[in-house]
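Written below as structure tokens is the structure these notes are about.
Basis for what follows: all heavy atoms, side chains included, without hydrogens, waters or symmetry-related copies. The residues of the chain are indexed from 1 along the displayed sequence.
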Amino acid sequence: PTAMDLCVLCMGAGADFPSALRFVANEVGETHAVCHEELSLLLDELELGRTRVQAMAALGERTESRAVRDFTAAVCQSETKG
């Protein structure tokens, strides 16, 4: 949840979504290796051409965390509905 809050703060400060994710992935680093790995994988998927909805949906499917699934669902809904 802290990583998601930090991502939201970054975007509120003017960063785009991938930049915010990159910042958060670098900040959590070795302290939270699983979070770092998942965010890095998400960024890789975006760079390889997957849409934000596809990449976020894949993250939601890979994780067991209810908070992450809720976050990914919110982002997907936001992207879909504009």
Side-chain angles (χ1 to χ4, degrees):
T2 303
M4 290 181 279
D5 289 340
L6 184 55
C7 186
V8 170
L9 285 172
C10 289
M11 291 178 11
D16 64 348
F17 187 67
S19 296
L21 289 175
R22 190 169 291 107
F23 177 80
V24 173
N26 290 333
E27 284 298 308
V28 298
E30 294 179 16
T31 307
H32 301 286
V34 173
C35 184
H36 174 75
E37 183 179 326
E38 286 295 336
L39 291 177
S40 296
L41 183 56
L42 174 64
L43 286 165
D44 289 344
E45 289 177 352
L46 291 171
E47 290 174 5
L48 290 172
R50 291 188 83 179
T51 67
R52 193 176 300 175
V53 171
Q54 291 170 330
M56 292 298 290
L59 173 62
E61 290 173 9
R62 284 192 307 268
T63 187
E64 295 179 15
S65 169
R66 176 81 177 169
V68 173
R69 280 190 261 141
D70 290 346
F71 176 72
T72 58
V75 171
C76 290
Q77 182 179 17
S78 174
E79 284 291 314
T80 303
K81 304 219 179 217

- Message: Suppose the criterion is side-chain hydrogen bond (donor to acceptor under 3.5 Å, both in side chains): which pairs have a residue in residues 2-24, not counting sequence neighbours?
- Response: D16-S19, R22-E47

- Query: Which pairs count as side-chain hydrogen bond (donor to acceptor under 3.5 Å, both in side chains) when at least one residue sits in residues 57-68, sequence neighbours excluded?
  - Reply: E38-R62, E45-R62

Nearest heavy atoms of [X] and [Y], plus distance in Å:
X: C10; Y: A20; answer: CB-CB, 3.7 Å
X: R52; Y: P18; answer: NH2-CD, 4.2 Å
X: A25; Y: S40; answer: CB-OG, 4.3 Å

- Step through the shown structure and confirm whether more than 12 heavy atoms of other residues, nucleotides or ligands are within 6.0 Å of CD on E79. yes

Connecting only ILVMFWY residues whose side-chain heavy atoms lie within less than 4.5 Å of each other, what is the rest of [X]'s hydrophobic cluster?
X: M4; answer: L6, M11, F17, L21, F23, V24, V28, L39, L42, L43, L46, M56, L59, V68, F71, V75
X: V53; answer: none
X: L9; answer: none

- Mind checking side chain to side chain donor-acceptor pair (under 3.5 Å) for R69 and listing every partner two or more places apart, or none if nothing turns up? none

